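Each remark here refers to the structure printed beneath this line.
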Amino acid sequence: MTEDEPKSIDWTDSDTFARALERADTREKGNYFEAFEEGDLIEHDPGLTLTRWGNEAWMSQTLNHDPAYWRTDAARERGFDEPPIHPDYLTAATLGITVEELSEKGGYFLGRTDVRFPGAPVYAGTELHVESEVVSTATSSSRPEYGIVTWRTRGRDAETDEVVCSYERTNMIPRREPVATDGGGAAAAEEPENGPSLPDEFVTPDGGYFEDFLAALERADDRDAAVAYRHERGRTQGDLTVAGLPLSTLNTAKQHHNADVMADSPSGDIVTYGDVTRSTALGHARSDERTYREVGFDDEQFHTFVTPGDTVYAFTRVLEAENTGREEAGTVRFEHIAFNQDDEPVYSGTRIAEIQKRPS
Ligand SMILES: CC(C)(COP(=O)(O)OP(=O)(O)OC[C@H]1O[C@@H](n2cnc3c(N)ncnc32)[C@H](O)[C@@H]1OP(=O)(O)O)[C@@H](O)C(=O)NCCC(=O)NCCSC(=O)C[C@](C)(O)C(=O)O
């Protein structure tokens with residue numbers, strides 16, 4: 001090379017590269033709060049074929065080991081043709097597909113309700129198409145850099161168009177432009193002087209059949225008592241549960257797999273996907289009952305972050321038990337609370353499930 005020849009740029013020189021990065025635009029992913037308007041219908045482009053592998057990976061890592069989802073003989077005894085897709089995995093896969101368009105910008109999952117499975121049982125090989133409708137958008141008065149969006153999401157069997165999973169979900173979504181507010185959140189609620197106190201007695205069912213829940217509720221009736229107990233199992237969060245499981249459902253939320261970006265966020269670290277937290281707590285609860293079928297979930301809320309190294313435990317309250325006359329099972333309504341190693345609630349929600357009757 002002679003003195004006159006222009007020098008080529010060494011893009012990998014650290015100073016040069018730092019300057020190049022400063023000047024380069026970022027090709028963005030996801031949508032800010034301003035992109036959502038009440039009534040918008042979004043047909044999600046990503047699709048997913050529900051596989052046995054995905055189902056088993058989700059169930060094994062969240063400790064959902066009900067044999068009807070693993071073995072043909074157990075599945076047939078429960079009225080399925082073969083081991084079906086578990087409702088938790090179906091719910092997570094229906095949500096995962098929506099993330100790129102709805103919440104990839106960094107929206108924390110605040111809550112979900114009316115989770116239902118209106119179609120026939122879903123088996124491996126089903127292709128999922130998902131759409132979401134914007135139900136409402138709201139300003140957050142305590143956090144001007146975020147808005148709050150609620151969507152109704154429906155997952156359909158692509159072949160039959162049948163809705164197989166449906167729910168309403170609420171997230172905090174970053175705004176492109178923060179709004180001016182009245183100066184922030186309302187004052188913390190005062191502790192009521194004569195606030196409600198916990199019942200004197202906590203009753204634990206003797207077993208996991210429908211009759212055990214019914215008998216426990218009868219024991220608690222007319223006394224200052226609740227049917228409430230904790231489950232022994234805990235699950236410490238690591239790379240597979242925090243990053244691996246959401247990615248296996250195409251959930252691209254940076255909260256779960258980009259520790260670099262999350263270091264500057266309110267959580268300061270990557271966080272466990274809400275569906276992993278709740279499914280793990282439900283797995284602990286189901287390990288102490290004889291589940292027949294899942295019916296639905298309501299009033300789900302995520303109270304604080306779960307980060308790598310945290311351990312997810314579960315606590316259950318039995319709210320109601322109804323004998324619907326069905327031979328194999330009765331209906332029970334539970335409240336499940338997931339909590340961490342510091343006994344702080346991280347998730348709560350109600351669940352309706354059919355619970356097997358004791359074989360005569
Ligand atoms: C986000 C944090 C920091 C805010 O904590 P904070 O103390 O600032 O706020 P807050 O008072 O609890 O709530 C802030 C605002 O949200 C409202 N709000 C609250 N809940 C609801 C609800 N259910 N429905 C409707 N609105 C709700 C609430 O009323 C309030 O309104 P305001 O600002 O006007 O006063 C705190 O709540 C927190 O740590 N939550 C846990 C979040 C979490 O870890 N979620 C799971 C992991 S993220 C995830 O899974 C992602 C996903 C699935 O992949 C994906 O969507 O992409």
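Bear in mind the structure is a predicted one, so any value in this text is a computation, not a measurement.
- Annotation: cation-pi geometry not satisfied between Arg235 and Tyr313 (NZ/CZ under 6.0 angstrom from ring centroid, within 45° of ring axis).
- Between the Asn171 side chain and the Gly107 main chain, a donor and an acceptor come within less than 3.5 Å of each other.
- In the hydrophobic clustering (ILVMFWY side chains linked at under 4.5 Å, chained through shared members), Leu102 is joined by Phe33, Phe36, Ile42, Val134, Val149, Trp151, Ile173.
- At least one donor-acceptor pair closer than 3.5 Å links the side chain of His284 to the backbone N or O of Val312.
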> Would Glu289 and Arg351 count as a salt bridge (Lys or Arg N to Asp or Glu O under 4.0 Å) if you check the C-alpha gap in whole Å, the side-chain angles of each, and the deciding distance to 0.1 Å?
Replying inline: CA-CA 13 Å; Glu289 67 179 46; Arg351 161 175 169 249; 2.6 Å; yes
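- No chain of hydrophobic side-chain contacts below 4.5 Å, direct or via other Ile, Leu, Val, Met, Phe, Trp or Tyr residues, connects Val130 to Val163.
- Donor-acceptor pairing under 3.5 Å is lacking for the side chains of Thr98 and Thr153.
- Rounding to the nearest 0.5 angstrom, the gap separating the CZ atom in Arg175 from the CD atom in Glu177 is 10.0 Å.
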*Could you go step by step and tell me if Leu319 and Leu217 meet the side-chain contact (heavy atoms from CB on, under 4.5 Å) rule?*
CA-CA 8 Å; Leu319 305 176; Leu217 284 169; over 6 Å; no
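- For CG of Asp342, the number of neighbouring non-hydrogen atoms (other residues, nucleotides, ligands) closer than 6.0 Å is greater than 12.
- Defined by atom type and a distance below 3.5 Å, a donor-acceptor pair is present between the side-chain atoms of Arg169 and Ser103.
- To the nearest 0.5 Å, the span separating CD1 on Ile85 from CG on Leu90 amounts to 7.5 Å.
- For the pair Asn340 (side chain) and Glu344 (backbone), a donor-acceptor distance under 3.5 Å is present.
- Between Thr16 and Asp13, the shortest heavy-atom distance links the atoms OG1-OD2, 2.8 Å.
- The hydrophobic cluster analysis finds Tyr32 isolated: no Ile, Leu, Val, Met, Phe, Trp or Tyr side chain comes under 4.5 Å of it, directly or through other members.
- Using modelled atom types, one side-chain atom of Thr160 and one backbone atom of Glu162 make a donor-acceptor pair closer than 3.5 Å.
- Residues in residues 312-326 take part in these salt bridge (charged side-chain N to carboxylate O under 4.0 Å, His left out) pairs, two or more places apart or across chains: Arg317-Glu335, Glu320-Arg333, Arg326-Glu328, Arg326-Glu354.
- Follow the hydrophobic side-chain contacts under 4.5 Å out from Phe305 and you reach Met262 in the same cluster.
- For the ring pair (Phe, Tyr, Trp, His ring centres under 6.0 Å) with Phe302, the lone residue among Tyr347, Tyr108, Tyr273 that qualifies is Tyr347.
- Closest heavy-atom contact between Gly325 and Lys357: C-NZ, 4.4 Å.
- For the side-chain contact (heavy atoms from CB on, under 4.5 Å) test, residues two or more places apart in sequence or in another chain that qualify with Ala74 are Pro67, Arg71.
- Under the 30°/60° scheme for interplanar angles, the aromatic rings of His336 and His231 are found to be tilted.
- To the nearest 0.5 Å, the span separating CG on Asp288 from CG on Asp212 amounts to 11.5 Å.
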Exercise for the section: Start with the C-alpha gap between Asp310 and Thr272, add the side-chain angles, then the distance that decides, and say whether side-chain contact (heavy atoms from CB on, under 4.5 Å) holds. Expected result: CA-CA 9 Å; Asp310 282 351; Thr272 303; over 6 Å; no
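- With respect to Arg219 and Asp206, a salt bridge is recorded, a charged nitrogen being found less than 4.0 Å from a carboxylate O.
- Hydrophobic clustering of Ile, Leu, Val, Met, Phe, Trp and Tyr side chains at less than 4.5 Å, counting indirect connections, keeps Tyr69 apart from Val164.
- Screening residues 86-96 for side chain to side chain donor-acceptor pair (under 3.5 Å) gives Asp88-Arg278, Asp88-Ser279, Asp88-Arg286 as the qualifying pairs, with residues at least two apart or on separate chains.
- When every heavy atom of Met172 is checked against every heavy atom of Ser140, the shortest pair comes out as CE-OG, 4.4 Å.
- The side chain to side chain donor-acceptor pair (under 3.5 Å) pairs that include a residue from residues 248-264 are Glu104-Thr252, where partners are two or more places apart or lie in different chains.
- Gln237 contributes no side-chain N or O that, together with a main-chain N or O of Val242, makes up a donor-acceptor pair within less than 3.5 Å.
- Every pair passing ring pair (Phe, Tyr, Trp, His ring centres under 6.0 Å) that includes a residue from residues 203-228 is listed here, sequence neighbours excluded: Phe213-Phe334.
- Hydrophobic clustering of Ile, Leu, Val, Met, Phe, Trp and Tyr side chains at less than 4.5 Å, counting indirect connections, keeps Leu245 apart from Ile270.
- Put simply, CG on Asp224 and CG on Asp200 are 4.5 Å apart, with the number rounded to the nearest 0.5 Å.
- Under the side-chain contact (heavy atoms from CB on, under 4.5 Å) criterion, Glu218 pairs with Leu214, sequence neighbours left out.
- Residue pairs that meet the side chain to side chain donor-acceptor pair (under 3.5 Å) test with at least one member in residues 111-122, sequence neighbours left out, are Arg112-Asp275, Arg112-Glu300, Thr113-Asp298, Asp114-Arg152, Arg116-Asp298.
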side-chain contact (heavy atoms from CB on, under 4.5 Å) evaluation trace for Tyr292 with Ile355:
CA-CA 5 Å; Tyr292 184 75; Ile355 304 294; 6.0 Å; no
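- Between Arg176 and Glu28 a salt bridge is recorded (basic side-chain N to carboxylate O distance below 4.0 Å).
- Scanning all heavy atoms of the two residues, the minimum distance from Glu100 to Pro46 falls at OE1-CG, 4.0 Å.
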Going through the checks in order, is the side-chain contact (heavy atoms from CB on, under 4.5 Å) test met by Asn55 and Leu50? CA-CA 7 Å; Asn55 198 37; Leu50 295 163; over 6 Å; no
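- Taking the side-chain contact (heavy atoms from CB on, under 4.5 Å) definition, one finds that Glu56 meets it with Arg52, Met59, Trp70, sequence neighbours left out.
- The neighbour count for Arg290 CZ, taken as heavy atoms of other residues, nucleotides or ligands under 6.0 Å away, does not exceed 12.
- Of the possible polar contacts, none joining the Gln356 side chain to the Ala329 backbone as a donor-acceptor pair under 3.5 Å is found.
- In this structure, Leu282 is a member of the same hydrophobic cluster as Val115, with clusters built from ILVMFWY side-chain heavy atoms closer than 4.5 Å.
- Sorted by first and then second residue, the pairs that involve residues 33-49 and meet side chain to side chain donor-acceptor pair (under 3.5 Å), not counting sequence neighbours, are His44-Glu101, His44-Ser132.
- With Thr291 contributing its side chain and Arg293 its backbone, the two residues share no donor-acceptor pair below 3.5 Å.
- Trp53 belongs to no hydrophobic cluster with other residues, because no ILVMFWY side-chain heavy atom falls under 4.5 Å from its own, directly or through intermediates.
- Nearest heavy atoms, Ala68 versus Pro84: O-CD, 3.5 Å.
- One finds the CD1 atom of Ile337 at 6.0 Å from the OG atom of Ser348 (value rounded to the nearest 0.5 Å).
- Annotation for Pro174 and Tyr146: closest pair N-CD2, 3.5 Å, computed over non-hydrogen atoms.
- A distance of 7.0 Å separates NE2 in His65 from OG1 in Thr62, rounded to the nearest 0.5 Å.
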